[in-house]
Amino acid sequence: MRWTQTYIPTLREVPSEAELISHRYLLRGGFIRKLAAGVYIYLPMMQRVIDKFANIVRDEMNKAGAIEITMPVLHPAEIWQMSGRYETVGKEQMRLQDRHLHNLVLGGTHEEIVTYLLKGEVKSYKQLPLNLYQIQVKFRDEIRPRFGLMRGREFIMKDAYTFDVDENAFMVAYQKMVDAYFAIFRRAGLDTRKVESDTGAMGGKAAHEFMLIVDTDGGEQTLIFCDHCDYAANIEKATYHEASPPQIDAEILPLKEVDTPHASTIEEVTSFLKIDAKRLIKTLIYLADKKPVAALIRGDRELNLIKLKNHLGANEIDMAPAAIVEEVTESPVGYAGPVGLKNIPIIADPEVTRIRNAVTGANKNEKHLLNVNIDRDFAPSAVVEIVNAVPGEGCPRCNGHLTSKRGIEVGNTFMLGTKYSVSMEAHFLDAEGKERPFIMGSYGIGITRTPQAAIERYHDDKGIIWPKNIAPYLVEIIPLNYEKEEHKQVAEQIYQELVSNGIDCLIDDRLERAGVKFNDADLIGIPVRLVIGDKSLKIGKLEMKYRGSNEMEQVALGNVVAAVKGLLERIN
RNA sequence: CGGGGUGUAGCGCAGCCCGGUUAGCGCACUUGCUUUGGGAGCAAGGAGUCGGAGGUUCAAAUCCUCUCACCCCGACCA
């Protein structure tokens, strides 16, 4: 392709809206333009990246036995009512009405639609297993779209759905998808990690996420790894055992109320009373589906809202507003404690039950209680782990210790079980003629998000460094002065040679100065750069350079195709 | 949803407090000449409903009210 015949509107200045480096380069490099919050136009360069990645996905999915279909984006609301998700997915779902005032939704995922499809079609175990997938636009009305393609309201996703006769068959299908995912990301030049994750609104028994580890601000998820075994989990899901439990007092002491003027935060209380935060019980008041609950965690821990939400089986969970806290605790915010707390469920983290002679709020203004003890002074209604795992603590699986990294989710896999087949009554007849629900799985890959994640992972201060297999072009030819007949002729000849050898090639045939071309080339990040200029032309050569390194190599004009192929072999 | 902020030429911004010529600057764009291995120089030029609506005033980008859009932070604190 010729630069002058395609459309690559690079920008010199940084658009003010972009925060993440990858988002900036997408805008500056002329890959995307914003139409509305979380809604983007994919320009020619982005289109090529999307096509290349989608083709890798398609190829590996096909190899794994999945079959491509295309389902509608527009769904009747009734189908979502069948599974019950119309009520539970909430405001993330885009909803609209047609001229007949019929309720419709724009699909953010397609479990209901495939299940509905197969419900009427697949009636025998002989027709299974089945794995259907599609690559198409999805809509999710995100609370806060941001970071460009990373969290958009409209985006492209590959979603696959498996249907199996039983648990064993399902595990085979699931593992096939996991293997396919690793193959896909490896081909795209991305080293991903599989982590355990929360199932969220999708439901089902278990789930995994495929994470690209990054060390930039783009790492939207916190991940927990074991330094010894292969335990890996999203912080939402990660669990742990205490590596060095605090010492427990020998004696249970009598309850005592003390004044703690102006000390309402953990820090203020611990420094005022000169105690370790590990002795403190933090009492947090939440509203779970509008009903107040108290969560007790140790003073040095962080609450894990998802764990709490899952335990309660709530759809929505929010911090209680001050007025509710005051009503429930009969005291100003900052002095809540479990002793004497009436009429609301008290969920305690297991660590809390192991503190002897703890410190808590007294449910009175500027007062705390000392020597609080479980059973004698309060009784939790449930004891469940509701705090975040912390680096340094013990691995739940082995003797190792936990560490933490940041990552970007590029794919996910869900073990759905029979959630959808049962609720939507999608059954088949097994070999004994018995009616059974499908065992299902669903599998997503962010087609537009993954390339941005790749940029977040592979870039320098001049621009993108595309992995070769998702790069918009493999080679960029830069004739330094296209007006010079010799530069032009050599460039054109090399271009023809490469193209006829099936190598994706972009030639910068603009009448721009060298500096402009170099800077744009660095920005758009095409892996191999061929520079044609007087210096090396004098000796019958051109210059070849990989975008990811500073080393330049001179290549004889007659040997360019072989040299380019050789270089492409060696790079990511 | 809560808090903060921004809307002025394609992009990045100044002007707004303290109302007063034809609303500026840089980049980009057009034309000409020179230049030509890391974002060229000079000259001439084109381009703006000052986000929208209403109001105050002799006079509004500037003050007031409403509204829309977008960005950032938060929703980890009892």
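First the proteins, then the strands, lettered A, B, ... as listed; each starts at 1.
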Check: Taking the P atom of each, how far is B:rA28 from B:rA60, in whole Å?
Finding: 36 Å
Margin query: Let's test this: given Watson-Crick or G-U wobble pairing with both distances under 3.5 Å, identify the partner of B:rG48.
Written below: none
Notebook entry, point to check: Separation of A:R153 atom CZ from B:rC71 atom P, in whole Å?
Noted result: 9 Å
Next item on the list: Measure from the side chain of A:R12, starting at C-beta and using heavy atoms only, and say which of B:rG38, B:rA28, B:rA78 lies closest.
Entry: B:rA28
Margin query: Students often get this wrong, so: under 4.0 angstrom with heavy atoms, is A:L303 touching a base, only sugar-phosphate, or nothing?
Written below: nothing
Margin query: Under 4.0 Å, heavy atoms only, any strand: does A:G361 hit a base, just the sugar-phosphate, or nothing?
Written below: nothing
Notebook entry, point to check: Charged N to carboxylate O under 4.0 angstrom, A:K34 versus A:E17?
Noted result: yes
Next item on the list: Output the single nucleotide from B:rC70, B:rC73, B:rA78 whose closest atom is nearest the side chain of A:A336.
Entry: B:rA78
Check: Does B:rC42 pair with anything, Watson-Crick or G-U wobble, both distances under 3.5 Å, and if so, with which nucleotide?
Finding: B:rG32
Notebook entry, point to check: Are the side chains of A:L370 and A:L255 in touch, meaning some heavy atoms are under 4.5 Å apart?
Noted result: no
Note to self: Using a heavy-atom cut-off of 4.0 Å across all strands, would you classify A:D318 as base, sugar-phosphate, or nothing?
What the structure shows: nothing
Check: Taking the side chain of A:K282 as heavy atoms from C-beta outward, which of B:rA78, B:rA75, B:rG38 is closest to it?
Finding: B:rA78
Check: Reckon A:T222 touches a base, only the sugar-phosphate, or nothing at all at heavy-atom distances under 4.0 Å?
Finding: nothing
Item checked: Spacing of the C1' atoms in B:rA47 and B:rG52 (rounded, Å) -> 22 Å
Check: Does A:K237 pair with A:E209 as a salt bridge, N-O distance under 4.0 Å?
Finding: no
Checklist line | Pairwise C1' distance, B:rC71 and B:rC25 [rounded to whole Å] | finding: 24 Å
Item checked: Rounded C1' spacing from B:rC68 to B:rG54 in Å -> 14 Å
Margin query: Taking pairing as Watson-Crick or G-U wobble with both contacts under 3.5 Å, can you name the mate of B:rG24, or confirm there isn't one?
Written below: B:rC13
Margin query: For a quick check of understanding: with a heavy-atom distance under 4.0 Å over all strands, which category does A:N388 fall into, base, sugar-phosphate or nothing?
Written below: base
Checklist line | Closest listed nucleotide, where the reference is the side chain of A:D520 and the choices are B:rG39, B:rG12, B:rC71 | finding: B:rG39
Margin query: Any base atoms under 4.0 Å from A:E543, or only sugar-phosphate, or nothing? Heavy atoms, all strands.
Written below: base
Item checked: Protein-nucleotide distance (A:R529, atom CZ; B:rG37, atom P), rounded to Å -> 14 Å
Check: Can A:E456 and A:R406 be counted as an ion pair, charged N to O under 4.0 angstrom?
Finding: no
Notebook entry, point to check: Across all strands shown, which nucleotide pairs with B:rA59 by Watson-Crick or G-U wobble geometry, both distances under 3.5 Å?
Noted result: none
Check: So what does A:R24 touch, heavy atoms closer than 4.0 Å: a base, only the sugar-phosphate, or nothing?
Finding: nothing
Next item on the list: Measure from the side chain of A:P15, starting at C-beta and using heavy atoms only, and say which of B:rC71, B:rG12, B:rG38 lies closest.
Entry: B:rG12
Notebook entry, point to check: Side-chain donor or acceptor of A:E13 under 3.5 Å from a matching atom on the base of B:rG26?
Noted result: yes
Item checked: Nucleotide forming a Watson-Crick or wobble pair with B:rG2, both distances under 3.5 Å -> B:rC73
Note to self: With side-chain hydrogen bond (donor to acceptor under 3.5 Å, both in side chains) as the rule and sequence neighbours excluded, what pairs involving residues 474-488 of chain A come up?
What the structure shows: A:Y482-A:E492, A:K484-A:D534, A:H487-A:D534
Margin query: Could you tell me how far B:rG5 sits from B:rG10 if I compare only their P atoms? Round to whole Å.
Written below: 27 Å
Next item on the list: Could you tell me whether A:L284 contacts a base, only the sugar-phosphate backbone, or nothing, with contacts defined as non-hydrogen atoms closer than 4.0 Å?
Entry: base
Check: Do the side chain of A:E17 and the base of B:rG7 come within less than 3.5 angstrom through a donor-acceptor pair of N or O atoms?
Finding: no
Check: Looking at B:rG38, B:rA40, B:rG12, which one has an atom nearest to any side-chain atom of A:S16?
Finding: B:rG12
Notebook entry, point to check: Taking CD1 from A:I524 and P from B:rG38, how many angstroms apart are they, rounded to a whole number?
Noted result: 19 Å
Item checked: G-U wobble or Watson-Crick pairing nucleotide for B:rG7 (cut-off 3.5 Å, both distances) -> B:rC68
Next item on the list: Determine the Euclidean distance between corresponding P atoms of B:rG24 and B:rC16; express it in Å to zero decimal places.
Entry: 15 Å
Note to self: For a quick check of understanding: with a heavy-atom distance under 4.0 Å over all strands, which category does A:K34 fall into, base, sugar-phosphate or nothing?
What the structure shows: sugar-phosphate
Notebook entry, point to check: Is the shortest distance from a Lys or Arg side-chain nitrogen in A:D141 or A:R153 to a carboxylate oxygen in the other one below 4.0 Å?
Noted result: yes
Next item on the list: Rounded off to whole Å, could you give me the CG-to-P distance for the A:L27 and B:rC71 pair?
Entry: 11 Å
Next item on the list: Flag the pair A:R510 and A:D508 as a salt bridge only when some basic side-chain nitrogen lies within less than 4.0 angstrom of an acidic carboxylate oxygen.
Entry: yes
Checklist line | Nucleotide nearest A:R513 (side chain, heavy atoms from C-beta), chosen from B:rU36, B:rC72, B:rG37 | finding: B:rU36
Check: If you find the nucleotide of RNA chain B closest to A:Y335 and the one closest to A:P145, which residue's nucleotide is nearer the 5' end?
Finding: A:P145
Note to self: Partner lookup for B:rG19, please. Criteria are Watson-Crick or G-U wobble with both distances under 3.5 angstrom; report none if nothing qualifies.
What the structure shows: none
Item checked: Nucleotide nearest A:V333 when distance is taken to its side chain, options B:rG38, B:rA78, B:rU36 -> B:rA78
Item checked: Gap between atoms CD1 and P, on A:I8 and B:rG10 respectively (whole Å) -> 23 Å
Note to self: Nearest 0.5 angstrom please: A:L523 CG to A:R28 CZ, how far?
What the structure shows: 5.0 Å
Notebook entry, point to check: Could you give the CG-to-C1' distance, from A:L511 to B:rG32, as a whole number of Å?
Noted result: 16 Å
Margin query: Quick check: any donor-acceptor pair below 3.5 Å linking the side-chain of A:R144 to the base of B:rG2?
Written below: no
Margin query: I'd like to know if A:K535 and A:E543 make a salt bridge, using a cut-off of under 4.0 Å between side-chain N and carboxylate O.
Written below: no
Notebook entry, point to check: On a whole-Å scale, what distance lies between the C1' atoms belonging to B:rA23 and B:rC13?
Noted result: 14 Å
Item checked: Most 5' of A:G38 and A:V531 on RNA chain B, judged by nearest nucleotide -> A:V531
Next item on the list: Mind calculating the distance between NZ (A:K517) and P (B:rG39) to the nearest angstrom?
Entry: 14 Å
Check: So does A:D198 pair up with A:K307, basic N to acidic O under 4.0 Å?
Finding: no
Notebook entry, point to check: Distance between the P atoms of B:rG20 and B:rA61, in whole angstroms?
Noted result: 10 Å
Note to self: Distance criterion of 3.5 Å, no angle test: do you see the side chain of A:N481 paired donor-to-acceptor with the base of B:rG37?
What the structure shows: no
Margin query: At 4.0 Å (heavy atoms only), tell me whether A:A320 reaches a base, stays on the sugar-phosphate, or touches nothing.
Written below: base
Check: Across the strands shown, which category fits A:R28 at heavy-atom distances under 4.0 angstrom: base, sugar-phosphate, nothing?
Finding: base
Note to self: From CD of A:E302 over to C1' of B:rC76, roughly how many Å is that when rounded to an integer?
What the structure shows: 5 Å
Check: Hey, does A:L305 reach any base, or is it just sugar-phosphate, or nothing, if we go heavy atoms under 4.0 Å?
Finding: sugar-phosphate
